[in-house]
Colleague: 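Quick one: this structure, given as structure tokens, is what I'll be asking you about.
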Amino acid sequence: MTIKPVRKAVLPVAGLGTRFLPATKAMPKEMLTVVDKPLIQYAVEEALEAGIEQIIFVTGRNKGALEDHFDISYELEQTMAARGKSLEAIEGTRMKPGSPVYIRQQEPLGLGHAVWCAREIVGDEPFAVLLPDELMVGTPGFIAQMVEAYNSVGGNVIGALEVAESETDKYGIISPGNVDGRLTEVTALVEKPKRGSAPSNLMIPGRYILQPEVMRILERQETGAGGEIQLTDAMAQLIGTQPFHGFTFDGARYDCGDKAGYIQANLALALQREDIGPAVRSFAETLLR
Ligand code: G1P
């Protein structure tokens, strides 16, 4: 089996972000900041750190701020330079020319549909998918850890994370087989199983390395949970035809698609910061006293 390198990542960013209204009325939810960096930039940096060369954003209407964020801002840069200010803070927003690709998902037909919209750009090679709502903090990052595992087993490798039994109906859930260190064989997958029917409490935390064959399955546009075209259902059909593993991340996960998770991410990352950490800590302590 030849293991082709993962060079491309798909970032689905077409969602409306209704859970964060009114904040997301005129601003993409992926531009919500954790401390001083938008969620989208964390995901892009995680992908680039893993050696991924091309970032494919599957975007939608009113998402222009995302494209601007990874472009040059002449006015800002010239003004800062003229004032003798360092441009270090925006270094992470610079991408290699030709690296970001933006395509549109015209209708919100599901995560599987969003990924399928990237099929022509992905072509016939393995690719990563990162859901920017899920903020993963680790050294190295989640996708870098997954790429390393993928380079030894090939096939499909998806994130796997234990959640409370009561949470399993919110996620894609893995039916686990043999476990070898951080890798777990995936024997089946189910999207948002009804309460009490989940095959395990191992959820898929929005990180995937997939083979291009999944696009052929998504092509059929079959709908699943919630009437949407589900990535989980398409992946499930690859099991048995290709190696399929879950990978347990060494690091922290913050579900920034959820308000409490988003606040937790801000607090946790602020506390880790040298510049503002001490002030935030002492304020939090006072507040809780
Ligand atoms: C999506 C996926 C689900 C996954 C989750 C992670 O669900 O369909 O399998 O576990 O992301 O956040 P969504 O949050 O879009 O409903």
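Counting convention: from 1, in listed order, for ligands and their atoms alike.
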Colleague: Within ligand 1, which atoms have a heavy atom of Gln230 less than 4.0 Å away?
Modeller: 8 (O)
Colleague: Within the 3.5 Å criterion, strictly below it, is a donor on His69 or Gln41 matched to an acceptor on the partner's side chain?
Modeller: yes
Colleague: Any idea which atoms of ligand 1 are less than 4.0 Å away from a heavy-atom of Gly172?
Modeller: 3 (C), 4 (C), 9 (O), 10 (O)
Colleague: Does Tyr171, backbone or side chain, put an N or O under 3.5 Å from an N or O of ligand 1?
Modeller: no
Colleague: Answer yes or no: does an N/O atom from Glu134 fall short of 3.5 Å to an N/O atom of ligand 1?
Modeller: yes
Colleague: Under a 4.0 angstrom heavy-atom cut-off, which atoms of ligand 1 come close to Thr232?
Modeller: 9 (O)
Colleague: Any protein heavy-atom neighbour for atom 13 (P) of ligand 1 (distance below 4.0 angstrom)?
Modeller: yes
Colleague: Would Ile204 count as being in polar contact with ligand 1, using the rule that some N or O on each side must be under 3.5 angstrom apart?
Modeller: yes
Colleague: Atom 9 (O) of ligand 1: which protein heavy atom is closest, and how many Å away?
Modeller: Glu191 OE1, 2.7 Å
Colleague: Please confirm whether Lys192 approaches ligand 1 to less than 4.0 Å, judged on its heavy atoms.
Modeller: yes
Colleague: Is the distance from the ring center of Phe57 to that of Phe70 below 6.0 Å?
Modeller: yes
Colleague: Near Asp180 CG, under 6.0 Å, is it more than 12 heavy atoms from other residues, nucleotides or ligands?
Modeller: no
Colleague: What protein heavy atom sits nearest atom 11 (O) of ligand 1, and how far off is it?
Modeller: Leu131 CD1, 3.3 Å
Colleague: Please indicate whether Asn151 has more than 12 foreign heavy atoms, meaning atoms of other residues, nucleotides or ligands, lying under 6.0 Å from its CG.
Modeller: yes
Colleague: Does a sphere of radius 6.0 Å around CZ in Arg216 hold more than 12 heavy atoms from other residues, nucleotides or ligands, not counting ones at 6.0 Å or beyond?
Modeller: yes
Colleague: Please check if any side-chain donor atom of Glu185 sits under 3.5 Å from a side-chain acceptor atom of His245, or the reverse.
Modeller: no
Colleague: Less than 6.0 angstrom separating the ring centers of Phe127 and Tyr208, yes or no?
Modeller: no
